[in-house]
Visitor: 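Dropping a structure here in structure tokens format, bear with me for questions.
Numbers for residues simply follow the sequence, beginning at 1. When reading the values below, keep in mind they use all heavy atoms of this one structure, side chains included, and skip hydrogens, waters and symmetry mates. Keep in mind it's a predicted model, so treat the numbers as computed, not measured.
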Amino acid sequence: MDNGVRARVVEPVPVELAQHLLVYKFAIDELMTKLRILSEEFDFVHQHDPIEHITNRIKRPEAIIEKLRRKGLEPEPSLIAEHLHDVAGVRVVCPFVSDVYRVEAMLRRQHDVEILRSKDYIANPKPNGYRSLHLIVRIPVFLSDRVEHVKVEVQMRTIAMDFWATLEHKLFYKFDDQAPSDFLDELTSTAHIAAQLDHRMESLHQRVRREG
């Protein structure tokens, strides 16, 4: 019976693609372990943990297929590795701005982590006020018969940045990307407030370090 509602057709995910995504899961596992070790070791030595929490995600197969097709490409593993940089994602939330750069520096010192690209939206925020440090890294994943070098997108931000970005996404989504100009202005204004809060908290943090 046609009631005016169309059922969503879910295209089956190719088995080869589903298997290939396992490699991205393993890459996230490797990077998460490395970050936890760096966090715990730094905390032990300096009595300060530079990482508040870490989350991760793998892009849905349907989204991967759609993105490749927009580029005029087929969903083949070799094309995914070459053309997509955000299949695997790790978000590192830090207490202070200085911690963001501290964790970045620790990652850069890891001989098995290759930094392919860096975009600093903290020093140069996006027009809407979004701030974060984005890295594309490549790390080795050791499988039973080979070594795969896998790209992972790393987003590093403070608690204030994460708070703003998470709620901005929820609020903006309601407008289906067509938010009124005054609403966008208010979001940008709140981003500046979050940046000011980060600056003040960083100043307090440095004072504690000097006087502690």
Visitor: Taking salt bridge (Lys or Arg N to Asp or Glu O under 4.0 Å) as the definition, give me every residue that meets it alongside Arg146, ordered by chain and number, with sequence neighbours left out.
Guide: Glu148
Visitor: Just checking Gln206: does its CD atom have more than 12 heavy atoms from other residues, nucleotides or ligands closer to it than 6.0 angstrom?
Guide: yes
Visitor: How long is the gap from CD on Glu104 to CG on Asp99, to the nearest 0.5 Å?
Guide: 13.0 Å
Visitor: Parallel, tilted or perpendicular: which describes the rings of His205 and His48, with under 30° parallel and over 60° perpendicular?
Guide: tilted
Visitor: Are a donor atom and an acceptor atom from the side chains of Gln155 and Arg157 found within less than 3.5 Å of each other?
Guide: yes
Visitor: Crowded around Arg200 CZ? As in, over 12 foreign heavy atoms under 6.0 Å?
Guide: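 For Arg200, atom CZ is not crowded (no more than 12 foreign heavy atoms under 6.0 Å).
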Visitor: Side-chain heavy atoms under 4.5 Å apart, restricted to Ile/Leu/Val/Met/Phe/Trp/Tyr: what other residues fall into the cluster of Val208, or is it alone?
Guide: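 In the cluster with Val208 there is nothing else; it is isolated.
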Visitor: Does either side chain, that of Tyr101 or that of Asp120, offer a donor lying less than 3.5 Å from an acceptor on the other one?
Guide: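 Note: Tyr101 and Asp120 side chains meet the donor-acceptor criterion.
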Visitor: For Phe163, I'd like to know if atom CZ has over 12 heavy atoms of other residues, nucleotides or ligands within 6.0 Å.
Guide: no
Visitor: More than 12 heavy atoms of other residues, nucleotides or ligands under 6.0 Å from CD of Glu114: yes or no?
Guide: yes
Visitor: Salt bridge or not between Glu30 and Lys34? Use side-chain N to carboxylate O under 4.0 Å.
Guide: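 The answer is no: the pair does not qualify as a salt bridge.
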Visitor: Set out, in order, the CA-CA distance, both residues' side-chain angles and the distance that settles side chain to side chain contact (heavy atoms under 4.5 Å, CB included) for Leu31 and Val137, then state yes or no.
Guide: CA-CA 10 Å; Leu31 188 55; Val137 306; 4.3 Å; yes
Visitor: Measure the CG-CG distance between Asn128 and Asp185 for me, rounded to the nearest 0.5 Å.
Guide: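 The CG atom of Asp185 is 11.5 Å from CG of Asn128, to the nearest 0.5 Å.
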Visitor: Using side chain to side chain contact (heavy atoms under 4.5 Å, CB included) as the criterion, list what pairs up with Asn56, not counting sequence neighbours.
Guide: Ile28, Met32, Val90
Visitor: Before giving the answer on side chain to side chain contact (heavy atoms under 4.5 Å, CB included), spell out for Phe96 and Met201 the whole-Å C-alpha distance, their side-chain angles and the decisive distance to 0.1 Å.
Guide: CA-CA 7 Å; Phe96 305 100; Met201 295 304 288; 4.2 Å; yes
Visitor: What pairs with Asp43 under side-chain hydrogen bond (donor to acceptor under 3.5 Å, both in side chains), at least two apart in sequence or on another chain?
Guide: none
Visitor: Starting at CD1 of Ile136, measure out to CG of Asp86 and round the result to the nearest 0.5 Å.
Guide: 7.0 Å
Visitor: Taking only residues two or more places apart in sequence or in another chain, which ones pass salt bridge (Lys or Arg N to Asp or Glu O under 4.0 Å) with Arg209?
Guide: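 Listed in chain order: nothing, the list is empty.
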Visitor: Measuring from atom CZ of Arg60 to atom CD1 of Ile58, what distance do you get when rounded to the nearest 0.5 angstrom?
Guide: 13.0 Å
Visitor: Roughly how far, to the nearest 0.5 Å, is CZ of Arg91 from CD of Glu153?
Guide: 9.0 Å
Visitor: What distance separates Met161 CE from Asp198 CG, expressed to the nearest 0.5 Å?
Guide: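 Met161 atom CE to Asp198 atom CG measures 4.5 Å (nearest 0.5 Å).
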Visitor: Taking side chain to side chain contact (heavy atoms under 4.5 Å, CB included) as the definition, give me every residue that meets it alongside Lys119, ordered by chain and number, with sequence neighbours left out.
Guide: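 In terms of side chain to side chain contact (heavy atoms under 4.5 Å, CB included), with neighbours along the sequence ignored, Lys119 is linked to Arg117, Tyr121, His134.
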Visitor: Tell me whether the count of non-hydrogen atoms from other residues, nucleotides or ligands lying under 6.0 Å of NE2 in His46 goes above 12.
Guide: yes
Visitor: List the steps and the verdict of side chain to side chain contact (heavy atoms under 4.5 Å, CB included) for Ser98 and Glu202.
Guide: CA-CA 7 Å; Ser98 58; Glu202 179 69 41; 3.0 Å; yes
